[in-house]
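In the text below, chain A, chain B and the rest are named by the order of the sequence lines, each starting its count at 1.
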There are 4 protein chains.
Amino acid sequence: MTVDVGLAGLGRMGRIHADNIARGAATRLAAVYDADPDVARTVAGELGVPWVATYKELLDAAPAVAIATPTGTHAEMTVAAAAAGRHVFCEKPISMDRATAVDAIEATERAGVVLQVGFHRRFDPDWVVVAERIHAGELGEVTLFRTTLRDMTPPNPAFLKNSGGFFADVTVHDLDVARWLVGEVVEVTAHGAAADPAFAEIGDLDTAVVVLRFENGALGVIDNSRSARYGYECSTEVMGTLATAKVDGAHRHNYEWRTPGWASRDLLSNFGERHRLAYVAELEAFAHAVETGTAPRAGGRDALAAFDLAAAAETSYRTGQTVTVATERKNDQP
Amino acid sequence: MTVDVGLAGLGRMGRIHADNIARGAATRLAAVYDADPDVARTVAGELGVPWVATYKELLDAAPAVAIATPTGTHAEMTVAAAAAGRHVFCEKPISMDRATAVDAIEATERAGVVLQVGFHRRFDPDWVVVAERIHAGELGEVTLFRTTLRDMTPPNPAFLKNSGGFFADVTVHDLDVARWLVGEVVEVTAHGAAADPAFAEIGDLDTAVVVLRFENGALGVIDNSRSARYGYECSTEVMGTLATAKVDGAHRHNYEWRTPGWASRDLLSNFGERHRLAYVAELEAFAHAVETGTAPRAGGRDALAAFDLAAAAETSYRTGQTVTVATERKNDQP
Amino acid sequence: MTVDVGLAGLGRMGRIHADNIARGAATRLAAVYDADPDVARTVAGELGVPWVATYKELLDAAPAVAIATPTGTHAEMTVAAAAAGRHVFCEKPISMDRATAVDAIEATERAGVVLQVGFHRRFDPDWVVVAERIHAGELGEVTLFRTTLRDMTPPNPAFLKNSGGFFADVTVHDLDVARWLVGEVVEVTAHGAAADPAFAEIGDLDTAVVVLRFENGALGVIDNSRSARYGYECSTEVMGTLATAKVDGAHRHNYEWRTPGWASRDLLSNFGERHRLAYVAELEAFAHAVETGTAPRAGGRDALAAFDLAAAAETSYRTGQTVTVATERKNDQP
Amino acid sequence: MTVDVGLAGLGRMGRIHADNIARGAATRLAAVYDADPDVARTVAGELGVPWVATYKELLDAAPAVAIATPTGTHAEMTVAAAAAGRHVFCEKPISMDRATAVDAIEATERAGVVLQVGFHRRFDPDWVVVAERIHAGELGEVTLFRTTLRDMTPPNPAFLKNSGGFFADVTVHDLDVARWLVGEVVEVTAHGAAADPAFAEIGDLDTAVVVLRFENGALGVIDNSRSARYGYECSTEVMGTLATAKVDGAHRHNYEWRTPGWASRDLLSNFGERHRLAYVAELEAFAHAVETGTAPRAGGRDALAAFDLAAAAETSYRTGQTVTVATERKNDQP
């Protein structure tokens, strides 16, 4: 009834996952592993769970692993888990190298284990309820897709250097949501800017506008910022022939503070606040997929498709040209 | 197609009416009169209309008059207008003395002229659309009525002295809305306070909570403040067996200003901003009543009924007891 | 670092507490007890915790107990827990009989154990943040308090018979919030109605308006309904000389669904949805009080004070008179 | 103190202008003209103003004209007005032919008369207050601009044929707002689609996404739809280094209608409802410019610049390439 999960990686996301696996109704935190044994020991102590010194031991400790280590190790760890017959929840991206990612995905497919990627928004209740209504046909045919993803403050430079770039690190989430809510994307045109000079210095962006064309001819547009300053915001709009859905929710608390002439509401400051329930739900869903052997809502092929779109965005941004995307339609969900 | 209207009284409300009558699609400002001829001359010059030195001349100038003079003169002017066969739009209250008010109302009834009182909220589009849905039965039977009326800052003391007191000056609007949206009120219990000591000094209130019981058994509650400080607010909620309606609208402009951690919206500062369209619409409706000979949406009997409820609130507040109200049901709208 | 808690009572609230204690960061579910052993066994199995057949055994199982049994047993169980030196989290009311409640409170005081009552709103993040700002003086002096509590649908009749009546079961939460946010209440005037005839048949109410006067002279007003039909709503407004706070939050998800001419948002259906985080937080806070030996934010004397106000409301409703309340000011928080 | 204005053209926009000029505080409707004398006679009768049978007579009737005739006649009429020394308020576009537009603009410049174009949003109170705060520096440097313009239902096909195409007819308003709020645009990339097949049939679009790059390096994005179906929407967001502004306002009335599980608000259905105050204010501003001889807030050079951007969007859409725009910076406002 609960699935034992070993957790590798105890950085920012790893700590969120540690709490959620430990307290989740469908999961049990079997053990934790981190490249730094001191970190592993400390977190294990706080949560009252065992820690292990090697990834090998983690694979021995449970039938499933959650991988939240630095990106460069994801693919290798996924392959090792598959070889050991372990189900895998892996933070995105699987790899910055496409062939490596494909190899890892195929390893899990051959091993017959679940591979779920950390596209948390697919599990956020606000998006899930809208997706259900769209997929049930209540929206009619989609005619326009629009989504906004904004961080209040950028991550630290050390993280940014290994992030894979703005499109692969940030926009990829919106590209996945576009595919999930609307369908396959056939054209990508990307524009970028560095509003904060610190990004220009490392050859990266903090602002982007990415235009999509979907297979059905509809347009889509993504705007992203890593320097929004006012707060964290993630909102999505899907316009259809029968209805239009708008997901919003920018506030931390539900209250208004009124002073002469002005009413103020607080704003969220980071993704952890906005998507708290999504991070819980994605691990419940992972446990469910493991138990039932069903395909996860966000599988390896979804990760690959979104990765390809992010790469197309990168190319478009570098060349100033629209990039046409060959859709393989190897969606995990048939 | 347009009704000529003479306007008496060019104070705060009078100036609002002057503009609206002059620019209204259904009205023409035939002449203006004020106790102070200099004021009349000035306003007439600004609007390019004639001014007259006496109320008698105003009655000669048009088939209809709008009375926005100090309260003490309303009844007398209404009687004089009726005697001259002139239709009357009169700011509330008709008189602080009930018998005098009844005499004035009956004078207009005998003369067969329209008497409309300045219950502007009956003409505010936000309330009108809700009233129409309630009266069409979409709300089912009303089970709870709640309304808020708050001024940002109190009027000046000179005005307050002749205002008739808080319940007759402020609460009376809510009492009228209660009757309009729900039906007759049979019990009134009033509580008051002077949050600002200046009100206590003149024996008046700036805060009140008034509980109503309607003929159908439903409860109602009014909260009022003259010292809300944050802004002007007028909102109404009606709960029914089929639906619940909430009228709100507290903002001057439609925009949000976001700074780190906070999103702010502006607030209205006075009734003129909130009910701008209502003041236009009530004079259009008056013109319509004059032209068609139909009963106005807010007639003399409505004014009397609301006045009686305000008096009951005053009595309840003074005695600390619930006051039972005999409903004559002489609503103007049969 | 975590507090072991034994849970007595596995009805609707008990199940919520079971999950929260079991998964809480600060608590461990040591054992569960229910008058029906089958229920205890089932829940224990689901959560992977021990169950016990008697309350005595539950007291033996942990240094703290949470009591969510039917109201009639609260006081006795609290006394027994105190006698055993166990800290107590008790759902309200402690007892419908004042003397019995006082005895139980004094038993915990004598034993030096924590007694926290289930006034969950004191732990809801939306109210907590407002309370902190009010208590820090940001609101100035309170001039008006207004709060709304509405259930979508009434509980079943069997529950209602033992609920202690509308004021003790529903309004008591608002009375506690009034004391918490504003201060002591010195006058209560209550009005009630049964919008749904089923309530009239059992001599109960489903709608109430309760007017309060606080020690500082400010007015307060509570409106309650058990038959709101549109959804669950809990909102609070506090007006002060410097600012006005409005807690709201009526929606289950953050999205808008637009069809021609209309934009719709979903509504909450029950208290569990609205106050999910509050139920988690109140048990974290209980664990904190147990660990640190500090007074709980909602203690026995708070429960008694709110109970007295609810009793005053009941008396006021029965007599039609305003009831003056003697404030002992034995607030748990000095 | 009021400016006499003759109005040419009594179609949909002309009728709105007729009412606003006739009732405006700063304008007087001197005469109306329409190509169809019956229309002119009817409208004149309704408003109680003279009508004339020729545009020549209209120029004789007042020192200023408002031109709301079909697009093809705008430039010629503007030139004739300038030749007669008449100030001109002209609906956009001045001409679909750039050289013709430039000639008309230069004619007014040589004649020293005011030329104001119908970019109503520059006068809408919601945008004006935001523009003032941005121009005062409260937003810091702009880093991202985003705006949405959506019609509920497309205009009739006859109108569309002469509309100049989607970008020149619809997007041009957003392009003007971009210049007004942020500054000059140096790159335009446009994408379009025909969600409604009727548009494809006439070689036009009903949906577009246009990406802008401003002189300061910031990105901007416009999304437009003529088939939004749910309602009319016009909203704008400007993100800056100090703050972010969001103009919204999608509702016709301020009320919420709650039924079990859902809260609904009405939506606007057309631009007339959304920008009612803007259409009043733009003519007041025109009168002010005429009286004071100051440059209008939306002058001929602004019209030309927005026209050039719309043409760039059209070219970008046709070629699939980003178009670089040479900015002459001949803004009317120095």
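Note on ring orientation: taking the six-membered ring where Trp is involved, the planes of Phe214(C) and Phe145(C) are perpendicular (angle over 60°, cut-offs 30° and 60°).
Under the 3.5 Å distance criterion, with hydrogens and angles disregarded, a donor-acceptor pair is assigned to the side chains of Asn224(C) and Thr171(C).
Residue Ala228(D): no heavy atom, backbone or side chain, is found under 4.5 Å from chain C.
Thr236(C) contributes atom OG1, which lies 10.0 Å from atom CG of Asp248(C) (distance to the nearest 0.5 angstrom). Interatomic distance, OG1 of Thr148(C) versus CZ of Arg150(C), reported as 4.5 Å (0.5 Å rounding). In this structure, the separation between OG1 on Thr143(C) and CD on Glu141(C) is 8.5 Å, given to the nearest 0.5 Å.
Between Arg121(D) and Glu282(D) there is no salt bridge, since no side-chain N of the basic residue sits under 4.0 Å from a carboxylate O of the acidic one.
By a heavy-atom distance cut of under 4.5 Å, Trp262(D), Ala263(D), Ser264(D), Arg265(D), Asp266(D), Leu267(D) are the residues of residues 262-279 of chain D near chain C, going up by number.
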